[in-house]
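When a ligand or atom number is given, it counts from 1 through the structure's own listing order. These values consider heavy atoms only, across backbone and side chains, with no hydrogens, waters or symmetry-generated copies. A quick note: this is a predicted structure, and the numbers were derived from the prediction, not measured.
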Amino acid sequence: MTVGTRIGVLALQGAFAAHRAVLDRIGAQSSEVRTPDDLDDVDALVLPGGESTTMSMLLESSLLFEPVGKRIADGMPVLGTCAGMILLAREVTDGRDDQRSFAALDIGVQRNAYGRQVDSFETELSIRGSDAPFHAVFIRAPRIVRTGDDVEVLAEHAGTPVLVRSMSVMAASFHPELTDDDRIHRLFIEQVRTTR
Ligand code: GLN
């Protein structure tokens with residue numbers, strides 16, 4: 001990675017510590033983003049899982065919503081997982097009325113859409129360009145219900161996209177930070193490296 005490249009992890013709520021642990025493990029420099037000043041110090045951003053409604057509110061109260069949206073629109077690489085994916089989606093169904101998203105990825109998502117019986121589940125995924133299966137953990141996951149023409153589907157579960165990418169924006173409906181497999185973070189870092 002380019003010397004000095006720093007990955008920010010949005011640390012307002014949710015599973016940000018687990019993302020930092022993976023980034024540490026693969027030798028990427030990272031820092032927590034809670035304020036607009038923190039955002040100025042980073043070259044890329046991870047939006048973790050957690051609760052998208054809460055994160056949306058905290059993004060506004062911390063005055064981060066507008067600057068994060070602008071950085072993403074200007075091409076800053078971003079990885080959103082679970083709630084983080086909801087924050088990136090162009091359309092969100094079953095959200096709160098006042099919930100906002102950056103609309104940076106041309107997908108539609110439905111919150112908590114895997115149904116009560118399977119609120120949380122784990123499964124093996126086949127990831128495009130990678131041989132070994134990826135053990136994926138889904139927790140009250142959003143379901144991708146629409147993907148735009150420019151959206152590349154990198155993995156599917158039962159015919160539904162679960163890992164997608166468009167330009168410098170990547171999103172997973174599951175939690176790659178909760179397993180030992182760091183391939184998705186490495187893929188993101190590669191993306192960051194080529195964007196710089
Ligand atoms: N159900 C959560 C939401 O809307 C996402 C769950 C997660 O990130 N594990 O925001």
Side-chain angles (χ1 to χ4, degrees), residues 7-23 30 32-34 44-62 64-65 68-69 72 77-125 127 134-147 151 154-158 160-165 169-185 187-188:
I7 313 295
V9 181
L10 185 72
L12 299 174
Q13 191 264 338
F16 55 88
H19 275 288
R20 284 203 74 196
V22 182
L23 292 168
S30 72
E32 293 177 4
V33 172
R34 293 192 181 81
L45 189 63
V46 175
L47 305 176
E51 194 52 51
S52 57
T53 52
T54 309
M55 266 192 256
S56 165
M57 281 189 315
L58 294 174
L59 277 162
E60 296 206 66
S61 60
S62 60
L64 268 171
F65 198 94
V68 169
I72 299 174
V78 57
L79 167 66
T81 60
C82 204
M85 179 173 88
I86 297 172
L87 289 172
L88 291 171
R90 183 150 292 160
E91 302 116 32
V92 177
T93 46
D94 293 345
R96 264 176 52 148
D97 287 350
D98 59 352
Q99 169 165 14
R100 294 179 68 192
S101 89
F102 296 115
L105 187 57
D106 189 17
I107 59 172
V109 300
Q110 187 180 2
R111 288 182 64 224
N112 305 326
Y114 281 92
R116 268 201 169 162
Q117 299 302 315
V118 286
D119 232 12
S120 298
F121 62 99
E122 303 189 13
T123 188
E124 306 299 317
L125 299 176
I127 295 186
F134 190 97
H135 187 77
V137 179
F138 291 75
I139 305 170
R140 292 174 60 72
R143 185 193 284 272
I144 296 179
V145 291
R146 184 189 68 77
T147 48
V151 175
L154 299 175
E156 289 184 344
H157 169 63
T160 296
V162 291
L163 177 65
V164 293
R165 178 166 64 184
V169 180
M170 193 165 146
S173 35
F174 54 96
H175 285 266
E177 77 284 13
L178 296 184
T179 55
D180 288 340
D181 196 333
D182 44 41
R183 276 178 288 164
I184 288 170
H185 288 79
L187 203 61
F188 178 59

- prompt: Side chain, backbone, both or neither: which part of Arg111 has a heavy atom under 4.0 Å from ligand 1?
  reply: side chain
message: With a heavy-atom distance limit of 4.0 Å, tell me whether Ile86 approaches ligand 1 through its side chain, its backbone, both, or neither.
response: side chain
- request: Give the residue and atom name of whichever protein heavy atom lies nearest to atom 2 (C) of ligand 1, and the separation in Å to one decimal.
  value: Gly50 O, 3.5 Å
- prompt: What is the closest protein heavy atom to atom 7 (C) of ligand 1, and at what distance does it sit?
  reply: Cys82 SG, 2.8 Å
Need the ligand 1 atom indices (1-based, order shown) with element for anything under 4.0 Å from a heavy-atom of [X].
X      : answer
Asn112 : 1 (N), 2 (C)
Gly49  : 8 (O)
Arg140 : 1 (N), 2 (C), 5 (C), 6 (C)

- request: For residues Arg111 and Thr53, determine if any side-chain heavy atom of one lies less than 4.5 Å from a side-chain heavy atom of the other.
  value: yes
field: Side chains of Leu47 and Met85 in contact at under 4.5 Å (non-hydrogen atoms)
entry: no
- prompt: Quick one: does His175 get an N or O within less than 3.5 Å of an N or O on ligand 1?
  reply: yes
- prompt: Is there any N or O on Ile139 that sits under 3.5 Å from an N or O of ligand 1?
  reply: yes
message: I want to know whether His157 and Phe174 have ring centres closer than 6.0 Å.
response: no
